[in-house]
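A short write-up of the structure that comes next.
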Amino acid sequence: PTLLSPKGSVSEETKQKLKSAILSAQSAANVRKERLC
Amino acid sequence: GRKKIQISRILDQRNRQVTFTKRKFGLMKKAYELSVLCDCEVALIIFNSADRLFQYASSDMDRVLLRYTECGEPHESRTNADLLQALKRRGVG
Amino acid sequence: GRKKIQISRILDQRNRQVTFTKRKFGLMKKAYELSVLCDCEVALIIFNSADRLFQYASSDMDRVLLRYTECGEPHESRTNADLLQALKRRGVG
């Protein structure tokens, strides 16, 4: 579990994970968009 | 708006689901309006009580999140605890 | 709510700033209410027109973003273009 980040800043680990998911086009934003009603 | 401050989880599952769908769209609409009116980038990520993801981004979620990873300290950072304080102060004020 | 659909950027800088501050708090409040009423996790990230970061997370931004990176499920994903379509349909509907 991630440490509760100090007020407002997000841990470097999360930022790196987010960055690599985005740059490797694996981020959730690229998952097939489903038109949920 | 409503002065009610102490809101709590909707117990009835059906009502909770209907409220979620309605309020989620309303939140996305308000985020859309903010992004257009004030020329800003907005990203909204919601995990519902069944852990399903719903997301909105004014232009492109990846772009907003990438900027987020490169950004230092946020100018303002709030959680529910902070908002509850702020609403209580307003409620009293 | 207002039926006006075609909103556009507020030109007057002072008015845009005041509107941003007011609507940002309103959006965070609505996100807070959604998270409590429907027992869901919400994260809101805003970059204003001066690129300053404002954020809200119902419990903890780290946690929401980490869950986001781990999410591979197809899900609802909207941008302003989608919302404009939906609002036009509703406006006509």
Side-chain angles (χ1 to χ4, degrees), chain B residues 1 7-10 16-17 19-21 23-61 64-65 67-69 71-84 86-87, chain C residues 1-2 7-10 16-17 19-21 23-61 64-65 67-69 71 73-84 86-87:
Chain B
I7 54 171
S8 62
R9 180 173 177 279
I10 296 174
R16 191 167 64 242
Q17 178 51 42
T19 304
F20 175 78
T21 305
R23 279 179 168 261
K24 169 176 57 71
F25 184 80
L27 197 58
M28 291 185 176
K29 182 171 170 251
K30 288 279 182 199
Y32 154 75
E33 290 177 351
L34 176 66
S35 74
V36 174
L37 289 169
C38 303
D39 189 25
C40 53
E41 283 262 33
V42 184
L44 178 61
I45 293 173
I46 302 170
F47 285 101
N48 72 1
S49 48
D51 271 357
R52 285 209 71 152
L53 168 62
F54 300 79
Q55 70 176 54
Y56 154 85
S58 43
S59 59
D60 173 66
M61 180 60 87
V64 179
L65 293 182
R67 271 172 77 180
Y68 185 87
T69 61
C71 199
E73 285 304 300
H75 180 65
E76 175 191 15
S77 167
R78 289 180 181 270
T79 61
N80 281 1
D82 308 317
L83 281 163
L84 200 53
L87 293 169
Chain C
R2 270 175 310 122
I7 55 172
S8 63
R9 181 173 177 279
I10 295 173
R16 190 167 67 242
Q17 176 53 41
T19 304
F20 174 78
T21 306
R23 279 180 170 263
K24 168 174 59 67
F25 184 82
L27 197 58
M28 289 185 178
K29 182 170 168 257
K30 289 277 183 203
Y32 154 77
E33 290 178 350
L34 176 66
S35 74
V36 172
L37 290 170
C38 303
D39 189 23
C40 53
E41 284 259 37
V42 184
L44 180 60
I45 291 173
I46 302 170
F47 284 101
N48 73 0
S49 48
D51 271 359
R52 297 204 87 156
L53 167 63
F54 301 78
Q55 71 177 50
Y56 154 85
S58 43
S59 59
D60 174 57
M61 185 61 87
V64 178
L65 293 180
R67 278 173 66 179
Y68 184 84
T69 55
C71 179
E73 295 289 310
H75 56 279
E76 181 189 20
S77 168
R78 289 175 179 270
T79 62
N80 281 2
D82 305 318
L83 281 163
L84 201 53
L87 292 170

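From a predicted model like this one, the values you see are computed outputs, not experimental measurements. The chains referred to below are lettered A, B, ... by the order of the sequence lines, with proteins before strands, and numbering in each begins at 1.
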Looking at side-chain heavy atoms only, is the closest gap between B:Leu44 and C:Arg78 below 4.5 Å? no
Are any of the side-chain heavy atoms of C:Glu73 and B:Arg52 separated by less than 4.5 Å? no
Just wondering, do C:Gln55 and B:Tyr68 contact through their side chains at under 4.5 Å, heavy atoms? yes
Quick one: what part of C:Leu27 sits under 4.5 Å from any heavy atom of chain B, side chain, backbone, both or neither? both
Closest contact, heavy atoms only, B:Leu83 versus C:Tyr32: CD1-CB, 3.7 Å
Taking only residues two or more places apart in sequence or in another chain, which ones pass ring-ring contact (aromatic ring centres under 6.0 Å, His included) with B:Phe20? B:Phe54
Most chain B-contacting option - heavy-atom pairs closer than 4.5 Å, from C:Ala50, C:Ala81, C:Cys40: C:Cys40
C:Ile45 CD1 to B:Met61 CE distance, which is reported to the nearest 0.5 Å: 7.5 Å
Answer with side chain, backbone, both or neither: which region of B:Ser59 has an atom nearer than 4.5 Å to a non-hydrogen atom of chain C? backbone
Checking B:Ile46 against chain C: side chain, backbone, both or neither under 4.5 Å from a heavy atom? both
Could you tell me the separation between the CZ atom of C:Arg23 and the CG atom of B:Leu34, rounded to the nearest 0.5 Å? 7.0 Å
How long is the gap from CD on C:Glu76 to CG on B:Leu53, to the nearest 0.5 Å? 9.0 Å
Is any side-chain heavy atom of B:Asp82 less than 4.5 Å from a side-chain heavy atom of C:Tyr56? no
